[in-house]
Protein chains: 2
Amino acid sequence: MKKSLLQQFEDHLRSQNLRLTDQRKLIVNSFARKKGHVSAEDLYRHIHKTTPSIGAATVYRTLKLLADAGLASGKNFGDGYVRFECCLQRSAHHDHLICTRCGKIVEFSNSTIEKLQETVARDHGFLITDHSLDIYGVCQDCSVKQ
Amino acid sequence: MKKSLLQQFEDHLRSQNLRLTDQRKLIVNSFARKKGHVSAEDLYRHIHKTTPSIGAATVYRTLKLLADAGLASGKNFGDGYVRFECCLQRSAHHDHLICTRCGKIVEFSNSTIEKLQETVARDHGFLITDHSLDIYGVCQDCSVKQ
DNA sequence: AATGAAATTGAAATTCGTTGTCAATAAGAA
DNA sequence: TTCTTATTGACAACGAATTTCAATTTCATT
């Protein structure tokens, strides 16, 4: 039985002597429900509709906490703000296909590409710590529409 | 005989009925000399040392113009500001190895990876318009030092 | 339950890269 | 040289993100 994002977050908070607040519970659950590629602003606006008492700063802070805990990671697709994605299944690194028309983001992973990256890095004397592959294009829905 | 960046920029300005100013000449030449991965701030600070009369806004504007002309492209490595690189040899797309210790950026290209990206995109119904592959790691110099 | 030290909160101020505004200046065609 | 129009530099304004700070809340300890 796998632990939920909130449960893992609670573990992290406890281990760091940080406190579990109602705001954090709500934010983490909203984030988990949205699953994937949400900016802090997005999440704040969504939460604000039903719980306007929660401030934007708290949303920013909580997402940062999640990232510190290794439970989320921020990614910059170059459009001005950072999108966060939940990373519970840490093992499966993935990359992104981004539709430049509708903004849809599709995840994929390709082990051959990963291996080639290792090779490239080694050839240049680099020890890889991370990588990010973003493919921009037009998705099927959008190319059909127009 | 290949045209210099400035020459191509002049062509672009003429074709758009834009004007060639001393500031633009100086900025474009400084940029060309720096060749690669310079932020507007970097370039402004560098220019400011010898020509303090040139304002930051003009540097930003000129880099944007270069990008509009297809002679430079901006890239966000996620550290808060956009770095520009000259793209005269448009055909040779390249990717980046970034050292997270010293900030060094090394370019590379790998046609097998490119082809695999095409395949991935096709499999997901995407028509690729662009892509960006950044490999983060520690370069040889830095791993030796520590 | 009550206490109290320390973490957390929301609102507002602040940062930082970048872009807009605007009056003064300069380019370049006529 | 003239005149239209683009360009300039200084500064204000922007937006995402972070910091500040007094008020509030958590939670280990009574």
Side-chain angles (χ1 to χ4, degrees), chain A residues 6 9-28 30-31 37-69 72-84 103, chain B residues 6 9-28 30-31 37-69 72-84 103:
Chain A
L6 181 57
F9 187 54
E10 287 182 33
D11 291 349
H12 174 77
L13 291 178
R14 235 188 311 278
S15 76
Q16 303 288 110
N17 290 317
L18 301 175
R19 291 170 186 176
L20 180 64
T21 63
D22 291 344
Q23 291 93 330
R24 286 179 177 169
K25 271 191 247 179
L26 196 151
I27 293 166
V28 169
S30 292
F31 175 64
H37 314 114
V38 200
S39 74
E41 274 297 309
D42 289 342
L43 195 56
Y44 168 65
R45 272 196 298 269
H46 180 252
I47 288 171
H48 188 78
K49 277 186 245 163
T50 55
T51 319
S53 60
I54 290 184
T58 302
V59 176
Y60 277 94
R61 285 187 282 233
T62 304
L63 285 173
K64 191 183 246 288
L65 262 182
L66 273 174
D68 292 345
S73 67
K75 185 143 175 45
N76 195 323
F77 289 106
D79 54 356
Y81 46 88
V82 173
R83 292 160 189 275
F84 288 83
Chain B
L6 182 57
F9 188 53
E10 287 183 32
D11 291 349
H12 174 77
L13 291 178
R14 235 188 312 278
S15 77
Q16 305 286 111
N17 290 317
L18 302 174
R19 290 170 186 175
L20 180 64
T21 63
D22 291 345
Q23 291 93 329
R24 286 179 177 172
K25 270 191 247 179
L26 196 150
I27 293 167
V28 170
S30 292
F31 175 64
H37 315 113
V38 200
S39 74
E41 274 297 309
D42 289 342
L43 194 57
Y44 168 66
R45 273 196 297 269
H46 181 252
I47 288 171
H48 189 78
K49 279 187 243 162
T50 56
T51 318
S53 61
I54 291 184
T58 303
V59 176
Y60 276 93
R61 286 188 282 234
T62 305
L63 285 172
K64 191 182 246 287
L65 262 181
L66 274 173
D68 292 344
S73 66
K75 184 144 176 42
N76 195 324
F77 289 106
D79 53 357
Y81 46 89
V82 175
R83 292 159 188 275
F84 289 84

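As the structure is a computational prediction, the values presented were derived from the model and not from experiment. Numbered from 1 within each chain, the chains take letters A, B, ... in sequence-line order.
Put simply, CG on N76(B) is 8 Å from P on dT18(C), counting in whole angstrom units. The interatomic distance linking L63(A) (CG) with dA16(D) (C1') rounds to 13 Å, in whole Å. In this structure, the CG atom of D22(A) is 12 Å from the C1' atom of dT9(C), given to the nearest Å. Distance, D42(A) CG to dG15(D) P: 16 Å, rounded to whole Å. Taking atom OH of Y44(B) as the reference point, atom P of dC11(D) lies 11 Å away to the nearest angstrom. For the pair R45(B) CZ and dC16(C) C1', the interatomic distance rounds to 12 Å; values are reported in whole Å. Atom-to-atom, OH of Y81(A) to P of dT18(D) comes out at 16 Å; the value is rounded to the nearest Å. The distance from atom CD1 of I27(A) to atom C1' of dT9(C) is 10 Å, rounded to the nearest whole Å.
Here the side chains of T62(B) and L43(B) are not in contact, with every heavy-atom distance at 4.5 Å or above.
Distance from the side chain of A40(B) is smallest for dT18(C) among the nucleotides dA11(C), dT18(C), dT8(D).
Relative orientation of the Y44(A) and H48(A) rings is tilted, given thresholds of 30° and 60° on the angle between their planes.
Take the nearest nucleotide of DNA chain C for R14(B) and for R61(B): the residue whose nucleotide is more 5' is R61(B). Positionally, the nearest nucleotide of DNA chain C for G80(B) lies more toward the 5' end than for the other of G80(B) and Q23(B).
In terms of heavy atoms, N76(A) sits closest to D79(A) at OD1-N, 4.2 Å. Across all non-hydrogen atoms, the minimal contact from R83(B) to H37(B) is NH1-O, 3.4 Å.
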Do E41(A) and Y81(A) pass the side chain to side chain contact (heavy atoms under 4.5 Å, CB included) test, and can you show the C-alpha distance, the side-chain angles, and the key distance before you say yes or no? CA-CA 9 Å; E41(A) 274 297 309; Y81(A) 46 88; over 6 Å; no
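The side chain of Y60(A) contributes an N or O atom lying less than 4.0 Å from OP1 or OP2 of dA17(D). OP1 or OP2 of dT8(D) sits under 4.0 Å from a side-chain N or O of T21(B).
Judged by the 6.0 Å and 45° rule, K75(B) forms a cation-pi pair with F77(B).
Backbone-only contact: S53(B) has heavy atoms under 4.0 Å from sugar-phosphate atoms and none from a base.
Summarising the local packing, NE2 of H46(A) is surrounded by 12 or fewer heavy atoms from other residues, nucleotides or ligands at distances under 6.0 Å.
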Might you list the N or O atoms of the protein lying below 3.5 Å from N or O atoms in nucleotides 4-6 of chain D, with each pair's distance?
residue : atom : partner : partner atom : Å
dT5(D)  : O2   : R19(B)  : NH1          : 2.5
dT5(D)  : O2   : R19(B)  : NH2          : 3.0
dA6(D)  : O4'  : R19(B)  : NE           : 3.4
dA6(D)  : O4'  : R19(B)  : NH1          : 3.2

